[in-house]
Structure formats: C-alpha cells, structure tokens
Number of protein chains: 2
Amino acid sequence: MTQVPTAAGARAPRLSRERIVAAVVEMLESGGVDAVTTRTIGEALQVHPTALYRYFRDMDELIREAADHILEGLAEETPRAAGRDALDVLSDLCLGLRTALMSHPGAAGGVASGPSRMPHERALTERMLQLLTRTGLSDEDVVLAYHAMIEYTVGSAAIDAPGKGTDPDEDSLHRAWRADYLTASPDDFPVTVRLASRLYPTQDTQFRYGLQVLIDGLRNKLPAP
Amino acid sequence: MTQVPTAAGARAPRLSRERIVAAVVEMLESGGVDAVTTRTIGEALQVHPTALYRYFRDMDELIREAADHILEGLAEETPRAAGRDALDVLSDLCLGLRTALMSHPGAAGGVASGPSRMPHERALTERMLQLLTRTGLSDEDVVLAYHAMIEYTVGSAAIDAPGKGTDPDEDSLHRAWRADYLTASPDDFPVTVRLASRLYPTQDTQFRYGLQVLIDGLRNKLPAP
DNA sequence: ACCTGAACACCGTTCAAGT
DNA sequence: ACCTGAACACCGTTCAAGT
C-alpha cells in the first residue's frame with residue numbers, strides 16, 4: 001500500500017472513493033444518515049470537509065454509493081433447504097434487505113431514489129426477478145410482484161428507520177403510544193380503544209406479518225402445479 | 001372574525017396556527033416538503049421567518065400538523081356499493097391515503113413518525129380497524145393487518161414522492177431506467193435484461209398491484225363464512 | 001401579546017490557492 | 001494531483017428588543 005513515487009512531488013493520495021464510502025457506511029451504522037455531513041466525514045477521515053468533492057459529484061452520489069455498499073452479499077445464493085420454494089427464499093431475501101437497511105438508518109432513502117446502476121443493487125434485482133420467474137408467474141406478474149416486494153420492504157424501512165440513528169428504545173416508545181391510544185375518547189374511537197393494548201407490536205413482528213401476507217397473496221396467483 | 005379590542009394597544013394577531021398550517025399545506029402541494037422552510041413560510045405569509053415560533057414549538061410539529069390536515073375527510077364513510085366487502089372499502093381507503101400523500105411530496109414522512117395524536121389520523125386509524133374487525137379477522141390479525149396496510153401505503157408514498165415536489169416527468173424517467181437495464185450485461189443479469197422492457201410500470205400500477213396482493217393475502221385468513 | 005432584528009451554529013458547495 | 005482555506009447561500013432556532 002506504500003506508493004511508488006511516480007514523479008517529483010507526487011504524493012500518495014490520502015483518500016479514495018473506497019475509503020470515503022467505508023467511513024460513511026460506518027457513520028450510517030452508528031448515527032444514521034443525519035449524522036453524515038461533509039464536516040463529520042472530514043473529521044472521521046482527518047481531512048478538510050470539502051476534500052470529498054474530488055471523488056464524488058455531491059453528497060447524493062456518495063450516500064447512494066454507501067447505500068449500495070450495504071447491499072453487498074445479500075443476493076448470494078443460499079443452499080436451498082428442503083420443502084422451501086422460491087417464494088420462501090424471496091421472503092428471506094426481503095428480511096435480509098430489511099435488516100441491512102434497518103441497521104443503517106436513512107439508507108433506505110439512498111436505495112429508494114431510483115435504480116442506482118450500482119452492482120449490488122443490480123445483483124439483488126436479478127436475484128429477485130430470477131426467484132419470481134421460477135415460481136411460474138407470468139412475466140407481467142413477476143415484474144409487478146418484484147416492485148411490490150421492494151416497495152414494501154424499502155418503504156417500511158424508510159418509515160421504521162428514518163435517519164436519526166438510535167431511537168430512544170423502541171419498546172418504551174411503543175408502550176407510550178399504546179397508552180396514548182387508551183386515552184382516546186371511547187365514544188369517537190371505540191375500536192381503537194378496544195384494541196389499544198394490541199397496537200404497535202414489535203416493528204419486526206409488523207414487518208414479518210405484512211411480508212407473509214404478501215407472499216401468501218402471490219401464492220394465490222401461482223398456476224396450478 | 002374581527003377581533004374585540006380587549007385592552008389599549010391590543011392588535012389583531014396577523015397569524016394563527018390555522019393560517020400557518022394552511023400556507024404550509026399549499027406549499028407542500030406545490031413544492032414538496034423541501035420547499036417548506038422558515039424563510040419561505042415567512043415570505044408566503046408576509047411575516048418574519050421566526051414569527052411561526054409563537055405558534056409551534058418547531059418545524060417538526062408544524063409539518064406533522066400540516067400532514068394531518070391532509071388526511072381530512074379520508075375516513076368518511078362512503079355509501080357501500082353492492083358486492084363490495086369491508087376489505088374492498090379498506091383498499092379504497094388506502095388508495096385515497098396514497099393520493100393525498102402523493103399530492104404533497106414529503107408529507108408521508110410527517111405521518112410516518114409515530115402516531116401524532118391528531119384528529120384526522122385518529123379517525124383514519126379507527127376507520128381502518130373498524131373495517132378490519134368487520135371482516136371477522138381475530139383481534140391480533142386486525143392489528144397486524146392494520147400495520148401492514150399502513151406500512152405499505154405510507155412507506156411506498158415515502159419512496160414514490162420523497163420531498164422534491166414535481167419530478168421531471170415520471171414517464172420519461174422510467175423510460176430512461178428501462179433503457180438503462182437493457183444495457184446491463186446479459187451474462188451477469190439475464191433475467192433483468194429479459195424483463196427490462198416491463199420494469200418500472202406506472203407508480204400507480206405498481207402500488208395497486210401490491211395493494212391487491214395484500215388484500216388477497218388477507219382474504220386467505222378470513223374465517224369460512 | 002405579537003412580531004421583528006440580530007445573532008448563532010449549523011448545512012452543502014464553489015473555487016482559487018497552496019504544496 | 002490532491003488537499004486546504006476562504007467564501008457563499010442557505011438552513012433551524014434563540015432571545016432580546018420594539019410596538
């Protein structure tokens with residue numbers, strides 16, 4: 001890694017796209033996208049806040065590259081367990097995607113802004129389309145189902161992990177919300193009050209339920225085997 | 001609406017929560033949440049940028065109130081058409097919610113940040129829980145289904161209408177994206193390339209498909225009639 | 001009571017200047 | 001070639017001051 005001096009006065013660059021992206025991914029994980037600014041990046045890399053503009057057009061490009069980095073390895077084929085069909089594998093893939101997005105608050109916004117032409121995202125798309133094709137669905141259904149799964153998975157991650165880093169404990173927050181619903185007027189909101197104690201289960205429980213309903217709905221569309 | 005002078009020197013307030021919220025809702029519609037700043041609000045209301053702090057704790061509270069305002073009337077009961085069950089009505093409700101959110105880019109972030117304790121959101125929750133209860137689903141399923149529908153509807157709106165106001169024409173953008181997928185390596189991404197021309201249908205088509213799949217999946221859970 | 005003015009601590013981004 | 005320094009046009013928010 002020590003550089004070969006190519007010409008008089010040429011110094012080894014202290015930065016690179018990779019080094020910057022790595023730093024941003026780390027900051028995404030610890031503090032969320034709100035904690036990633038030109039100044040904090042500069043501090044993390046011991047460099048002037050504007051130095052990154054040699055390597056990236058703007059913050060948006062940098063965040064999108066970091067977001068794609070997070071998807072690394074997701075599309076990898078896993079050994080198919082017995083009794084699990086393509087839709088089960090697709091479900092796991094979405095769970096993996098969610099885990100990656102949830103552990104980097106705000107990253108969902110980075111992958112959401114259209115296809116990034118980036119390698120990991122491309123691989124994920126290919127894998128999902130491949131799995132859906134295997135189910136026997138029509139091409140039209142394959143594409144629409146792909147979009148539905150992405151919208152649900154990325155969209156719910158955008159809601160559940162907006163950008164602020166670590167929430168002040170999900171459980172106590174949800175408890176407070178449930179208590180709040182209990183104080184609603186029972187005349188105006190009878191069903192809400194009756195079900196208040198059940199509202200806001202774990203974010204993970206919510207997500208898995210919707211995911212399962214989606215997969216279940218897709219199963220209805222499969223051609224008879 | 002003309003004020004009663006209560007004391008010498010007391011003047012009619014030029015602002016109110018309602019006036020500010022109305023202005024923000026309008027700005028949300030025309031330019032999205034990114035166009036709503038203390039300065040632009042001040043300009044719209046012909047008032048100093050900091051004047052709104054007499055009425056709202058901070059920008060967050062203001063945006064949440066404006067977001068709730070957008071949900072006005074959504075939960076209203078509509079005359080039940082023949083042959084349409086509670087899940088069909090729920091589906092319409094989600095479509096209405098999406099329309100409201102899509103026409104105010106970035107508003108999804110406002111309703112997403114937990115229950116706002118606000119009247120229109122409460123009414124919407126009550127109506128959705130009521131409709132789901134009517135289907136005969138168990139209480140547990142009702143609550144989880146409610147969260148699933150909200151996460152999908154609000155989440156996809158957060159993705160499809162982030163905050164920038166009017167995109168530069170959705171159609172041409174999607175055309176460009178499809179063309180982009182076509183240029184992908186057919187060896188690495190065979191399925192993607194094969195389906196490229198079908199990818200990125202209208203945002204509305206995508207959303208409706210996923211919504212229908214969700215409703216369909218819920219139907220599987222209904223007790224036999 | 002209601003709004004203004006000035007100030008502060010932040011942003012992203014540009015561009016010329018240093019080495 | 002690579003990074004720094006200074007500057008610009010923005011943010012949200014506070015608080016004392018005006019009327």
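Just so you know, these numbers come straight off a predicted model, no measurement behind them. Chain letters run A, B, ... following the sequence lines, proteins first, then strands; residues in each count from 1.
Of the listed nucleotides (D:dG12, D:dT13, D:dT4), D:dG12 has the atom at the smallest distance from the side chain of B:Thr37. Comparing C:dG12, C:dC3, D:dT13 by their nearest atom to the side chain of B:Met59 picks out D:dT13. The side chain of B:Ala51 has C:dT4 as its nearest neighbour among C:dT4, D:dC2, C:dG12. Among the nucleotides D:dC2, C:dG12, D:dT13, the one closest to the side chain of B:Tyr53 is D:dT13. Distance from the side chain of B:Val47 is smallest to C:dT4 among C:dT4, D:dT4, C:dT13.
Base-pair partner of C:dC10: not found among the strands shown (Watson-Crick or G-U wobble, both distances under 3.5 Å). A 3.5 Å limit on both hydrogen-bonding distances identifies D:dA1 as the Watson-Crick or G-U partner of C:dT19.
Closest-nucleotide positions on DNA chain C for A:Arg57 and B:Ser16 were compared, and the one nearer the 5' end corresponds to B:Ser16. Summary of the strand contacts: A:Arg54 and A:Arg39 both lie near DNA chain D, and taking for each the nucleotide with the nearest heavy atom, the more 5' one is attributed to A:Arg54.
When the P atom of C:dC3 is taken as reference, atom CG of B:Leu15 falls 4 Å away, rounded to whole Å. Between B:Phe56 atom CZ and D:dG12 atom C1' there is a gap of 16 Å when expressed in whole angstrom units. Atom CG in A:Leu45 sits roughly 16 Å away from atom P in D:dC2 (whole-Å rounding). Between the P atom of C:dC10 and the CG atom of A:Asp34 lies a distance of 15 Å, rounded to the nearest Å. Protein atom CD of A:Glu43 is 10 Å distant from nucleotide atom P of C:dC11, rounded to whole Å. The distance between atom CG of B:Leu52 and atom P of C:dC2, rounded to the nearest whole Å, is 15 Å. The separation between B:Ile20 atom CD1 and C:dC2 atom P is 12 Å, rounded to whole Å. The CD1-P distance, from B:Ile41 to D:dC11, rounds to 11 Å in whole Å.
Ion pairing of B:Arg122 with A:Asp180 is present here, as a side-chain N (NZ or NE/NH1/NH2) and a carboxylate O approach within less than 4.0 Å. By the 4.0 Å N-to-carboxylate-O rule, B:Asp204 lies close enough to B:Arg208 to be salt-bridged with it.
Between B:Thr50 and D:dT13, a side-chain N or O to OP1/OP2 separation shorter than 4.0 Å is absent. At the phosphate of C:dT19, neither OP1 nor OP2 sits under 4.0 Å from any side-chain N or O atom of A:Arg14. Phosphate proximity of D:dC2 to A:Tyr55: absent, as no side-chain N or O sits under 4.0 Å from OP1 or OP2.
Between the side chains of A:Thr125 and A:Tyr146, at least one donor-acceptor pair of N or O atoms lies under 3.5 Å. Side-chain atoms of B:Thr192 and A:Glu126 include a donor-acceptor pair closer than 3.5 Å.
Listed for the A:Arg178 side chain is a donor-acceptor partner under 3.5 Å among the backbone atoms of A:Tyr200.
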